[in-house]
Amino acid sequence: MAQLTSALEERLGDHLGEQLLVAGGQGLAGAGNLAFTVVMARLLPPAGFATLAAFLSLYLLIHVPAASLSAGSALRPELARRGRRRALLIGGAVGLAMLAAAGPISAVTDLPLSLTLAAGAVPPVAGLLALERGRLYGRRRHARAVASLLAEPGVRLTVGVVAAVLVGAVGASVAVVVAGYAALAVAVTRDHAPAFERPRRATAGAGWTVLAFLLLAALQNQDVLLANGLLAPEAAARFAVLSTLGGIALFAVWHAPLVLMPRAAAGDRGALAPAVGLTAGIGTLVVAAVFAAAGPLIELGFGSRYVDVAALAGPYTLAMALLGVCRVLVADRLGDGRLAGTLVTVGAAVGLQAALIVALGDDVSGVVTATVTAVVGLTVVLAAVVSLRPTPIEPVARVRDRAARLWERRDVRLVTGLTVAALAVRLLVGRGLWLDEAITWFQASKPFGAMITNLRYADVHPPLYHAVAWGTVRVLGDSELALRLPSILAGTAIVPLLYVAGRDLYSRRAGLVSAALGTVAPLAVWYSQEARMYAFLMLFSLVAVWMQVRALRRGRALDWALFALASAALVWTQYFAALQVLVQQAAFAVVAWRRWRGGEPVGRLLAGWVLTAAAITAALVPVEPILRDQLIAYGNRSNAAAIVPGAGGAAGEGTGAAAGFGEATSVYRLLVNALWGLFGYHSAGVMTAIAALWPLGMLLALALLGRGPWTAATQLTLAAAVVPFVALFGLGFVKANLFEVRYVIGGLPLVLLLVGRFVGTSTRSDRVVVVVTAACVAVLAFAHVDQMTNRQNPRIYGFRSALTGVSQQADDGDVLVYAPSYLEPIVAYYAGDVRSQPLRPGETPEADGDVYVFGVDAFLEGEAVLDEALRALEDDRELEDRIGEENARVWRFGEATDVDARPAGRSAR
Amino acid sequence: MRTAELSTLTDPRLRAAGWDPTEPARLRRRARRLAVVGAVLIAWYVGWLLQPGRVGNGWLFALLVAAELFNVAQAAGFWWTCLHAGGRRPVRPLTTRPQVDVLVPVYDEPIRVVLSTIVAATRIRGARVHVTVCDDGDRDELRDLAGRLGVGYLRRPGSRGAKAGNLNHALRRTHAPFVAVFDCDHVPDPRFLEETLGHFRDPAVAFVQTPQYYANADRSDIAGAAWEQQALFFGPIARGKDGLDAMFCAGTNVVFRRTALEEVGGYPEDSVTEDFELSVRLHERRWRSVYVPQVLARGLGPEDTAGYVGQQDRWARGCIAAIRTTLRADLPWRLKAQYLLSSSFFLTGWTVLVYLSLPVIRLVTGHQPLAEVSADRFIVHFAPYFGMALLAVSVAGGNTYSFRAYAVMIASFWIHIRATIAALLGLGGGFTVTPKEGTGRRQPGAVAPGLLVVAVLLGVSVWALLGSRSPATLNNVAFAVLHITVLGRGVWPALRVPVEVAVEEPVRVPARAA
């Protein structure tokens, strides 16, 4: 073994060699233990194997937390002797306690008493074994450590198999205990080998190190425990499958931090990269395998009933692989003596995970999202901290230096803060899914081909956003947060982009002001929180205009390429974005003409224009047949009820607010949409009040006096923002529901850029700019808060509360009916477990149990049929309950009763 | 001799001008298109406003219509003038070198201000120049300076007729066929006569006017605002007047044909805007005027609010008084209309008073000029006209006219009102010289009426909001806030301590000129 160690270290270098040796040993040991389990499954009868499996679970339950002791002794091997005594005492006490409580434990675990008694022998060895293995790593006795690792499956496969044949499950279980003692025997040696050179700075205390690794163990395992408590048993079992799969990514690299830690404590900076590389490499392999074949793996290992969590296996395994990297980074930090910060960081991750699980843990995907979020966050923080330490490894140093130089710039710090704030604002979304978002979910949940088909014949949008949503659902599941995450991220990315674009086009002040406004701009936030394509529209629109100006100014190939890409992406996201693309194409013509008239060369401009126009056209060719079919299908839909109304429509009709769906296009509608664009969605009363303040618009016009001449960048930005809006307004006269601000929301970041330019260049005084910006941000933030919290806002629907209420109350014989029929996706999302059907004119809902009637006040199309159904139900049944809020209501009618026996006076509406 | 002293002189007038009053053909075409569209939009708005169904409170409606019609007339006049803003081509300088008397009237201005002007005047090329300092302040120091610089010096007994009397006194004692006049704070460019005398080849030309450029516009907020107002006048308006043969004399940076001056008896001494009245008289006798859109002299504008108020007060009194003269004058209709447009501009303050009063009246009494009109109907008719008017000013003015200039003009509304009342009551006022340097102190007294109106608007708004937050109340409070903001910006320069502007490298002026 020692020769193998030397050979590996000679060929691969000390650091990688020892890591590979230990990882290989751990892998072999794992394979051996797996082989033991498989053999036992064949040898033992099912009941016996179940008993052995239960005993192994108990065995692991004792060993996993005890294994954290390895970290302490790896860091401080000289303390192992004193630790032995303590571990023995504590382990013995726990063992005695288990012996004393053998009866109750046996009853709870359903284990035979003999095995419960045998389990009492595990605690004394668990702590000692962890201690000794850690000491071996601290003394560079890697070969001995590997031998100890291999001893365990070796004894299990020999003694255990024989014992199983002779005594059955009890014999095999006892052999498992014996194997632990054998591993300990191999691990216990005298300290001949020298320890690593002691570090120049104090290392973390062994006890705290153990605590840190215990916290990491909590991060790995608490989701299983919490899932058991929060989820239904079946869902908890599904999550347990994920947890087991994820454990694979961790298993082979379990000891990598222990190998690293002594070197880190000795100030050996070269040890970190191989440890991270090995951990990440093995993790990547496992993650790739799981992503590629999650379904078959789960089916093979756990049975077909768990296959439906296959989509979540990849992300969860990725989280566990990252956790392996985190363990290495934590070891490095502890070895470097960074105790407090490390403990706080890991503790925060544990707390975050727990909080997120509680918040999101309605289903398996929520728990997975929580764990992925916490682990990714921990990885980012640890990686950043490690890379920023004083003497980092060389490749990291360059990145670190560049980052540090960037960080020294005040703007970078400000924009980072604004971006974080923007993310926080966008994450603070209280409303449930709205109808369009449910359609996104409904479509994204289908197989990809089926989704495209659905889009092609039953929708009116191009497929780019839906493709992203489809991938998101596969990776992160279909919780509200997961569905909205692409929009949240795109909407957040707008903020730093506003800064960069504003600085590039105008000035750093303009960039900062634009970014600050973008952080809280109500409509930008609203659509950044919606699982629809509008945040993408804003992002691509900003990039397209910015890149066009760069292309016109510098003419670099990258600028042209990004412009073409963003332009194509715009139309792939929303057809109305073609208006902006056309404006931008016209801008090329105007600029070329101006330059030609001014005697400037235009050859490069024309070449770039023609090439990008061709590229954009080519990129749009695949979307043409989809659009054609959509138009045909749209034309074929005989009545408007088949088309889901827009947000504006629902608002207008139900509340009397102006500019509703289907209303004739008017100047007032134009103004209201403009106000929505600036100040977000509000109740009718608030909108009326805002509209009454129109004289302040004169002030704005006066303030623009003398602010010219407008640069080409300003003219282009203004045209790209305003012309599509006005053009759509014109289209609104042809078909009223075409004119809605969300369809041209790509202009919003452009308006923010222009406001940033206006404020940023209005005065030479920094103080005045800050005050004006703060005032603007305050107004927008106030508007956003009203938009989010004012229950009179007609765009906040109570779908979630109404339908989850139904889901919680409904029994097997109950039925949920709804009108209009296009509420189906939202019903399926929130009450998919309830038997449901749309209301049809003339039909009285029938059910063995209760009948739930779901309707939305604002949707007039369902009004008549809803009234009809309610009247019919009132005649046959008793109205027992109302669920939900004003604009999304559910009436629960009890089982049919004698009409005369019902109390009078309760009416559904 | 005085080299050491003069070398420390820091004079913005000695820097190159940062403004080009010529107008590119592209802008001219754009301004003309805007004028045409603007005319249509005026008709759109006025036609809507004058429909019978619009009348709310009859009295208030009449006031509003009067104010709107006045402003519409001013806007239409502005666009009409801009439509005639042609590009006057430079003329060849005269091949002969005629004699020109350069007169520099001085009252009590600081010597250091006068010094640069005199030195620059002696350097004017293209003619045999005789510089004469016309001292109405009887200062021996100035006489000594003139002697040292080798220029003429005149002092007269008494001070009748103020600046006009001073110049007439000088005209009687000089004899050159051409007379150039520079206020003592306006430093002429050496090319001044080269660029202007050529126009006198036309024997009908009485005077050639050049822009009045404020070189100290960056030295204070109020100087900047005053300059932006000047730039609008000496930009598109003066060019348009020139296209209509209606440019009037601005009192400085001008060169006259002596025979023309003598024909009308020199400067009228009974007006505080003697230059305006002189122009009317010359045009009555069918003399022509020329405007050369080149900065050929660089002067100083008022650096503080008190100076600005004094200047505006004199102009307002003079111009309003000149309305009667203009109406009586024997002028072609185009010239008469142009003179009326210019002189009646100073009635704008009355329209401002109407606009300021309407929200107050609405919030206090509930009366309003218009019958219930939905916001979108009003906006759709008013906003295009309003926006086009602002756009036209921006485009025609080459973006020199800013919110600051507008706000300072609006905040001067009370000056116009006072001047009108004075003119109606026949209350004369003496000629006041605009101070050439600021006091460096806050001057709230100079804007007291504006502050009072701001206080009233603010108080009424708060009071109204405490009582109601109906859309109508909010709408009128928004109007009040609009006025408060504009007035606040206008009076702001008077409420702050002027910031010292960093001065560029000192300019050395030789002790001995020419």
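Keep in mind that this is a model prediction, so the values were computed, not measured. Hydrogens, waters and symmetry mates play no part in the numbers below; they use all other heavy atoms, side chains included.
- Annotation for B:Arg377: atom CZ does not count as buried by contact number, only 12 or fewer foreign heavy atoms lying within 6.0 Å.
- A:Leu671 touches chain B through its side chain: at least one heavy atom from C-beta onward sits under 4.5 Å away, while N, CA, C and O do not.
- Both the backbone and the side chain of B:Tyr401 come within contact range of chain A, judged by heavy atoms closer than 4.5 Å.
- When B:Leu474, B:Val477, B:Val481 are compared by the number of non-hydrogen pairs under 4.5 Å with chain A, B:Leu474 comes out ahead.
- Closest non-hydrogen pair, B:Asn475 versus A:Pro695, comes out as ND2-CD, 3.5 Å.
- Of the options B:Thr400, B:Leu391, B:Leu390, a side chain to side chain contact (heavy atoms under 4.5 Å, CB included) to A:Leu705 is made by B:Leu390 and by none of the others.
- The line from OG1 of B:Thr485 to CG of A:Leu702 is 10.0 Å long, rounded to the nearest 0.5 Å.
- Within the 4.5 Å cutoff, no side-chain heavy atoms of A:Leu704 are placed close to those of B:Phe403.
- Heavy atoms closer than 4.5 Å to chain A are found in both the backbone and the side chain of B:Phe479.
- Atom CZ of A:Arg764 sits in a sparse spot, with 12 or fewer heavy atoms from other residues, nucleotides or ligands closer than 6.0 Å.
- Annotation: ring-ring contact (aromatic ring centres under 6.0 Å, His included) contacts of B:Trp227 (sequence neighbours excluded): B:Trp19, B:Tyr213.
- Between the CG atom in A:Leu693 and the CG atom in B:Leu482 there is a gap of 12.0 Å [rounded to 0.5 Å].
- Remark: B:Trp44 CH2 is loosely packed, at most 12 non-hydrogen atoms of other residues, nucleotides or ligands lying under 6.0 Å away.
- Shortest non-hydrogen contact noted between B:Ser394 and A:Gly706 is OG-N, 3.6 Å.
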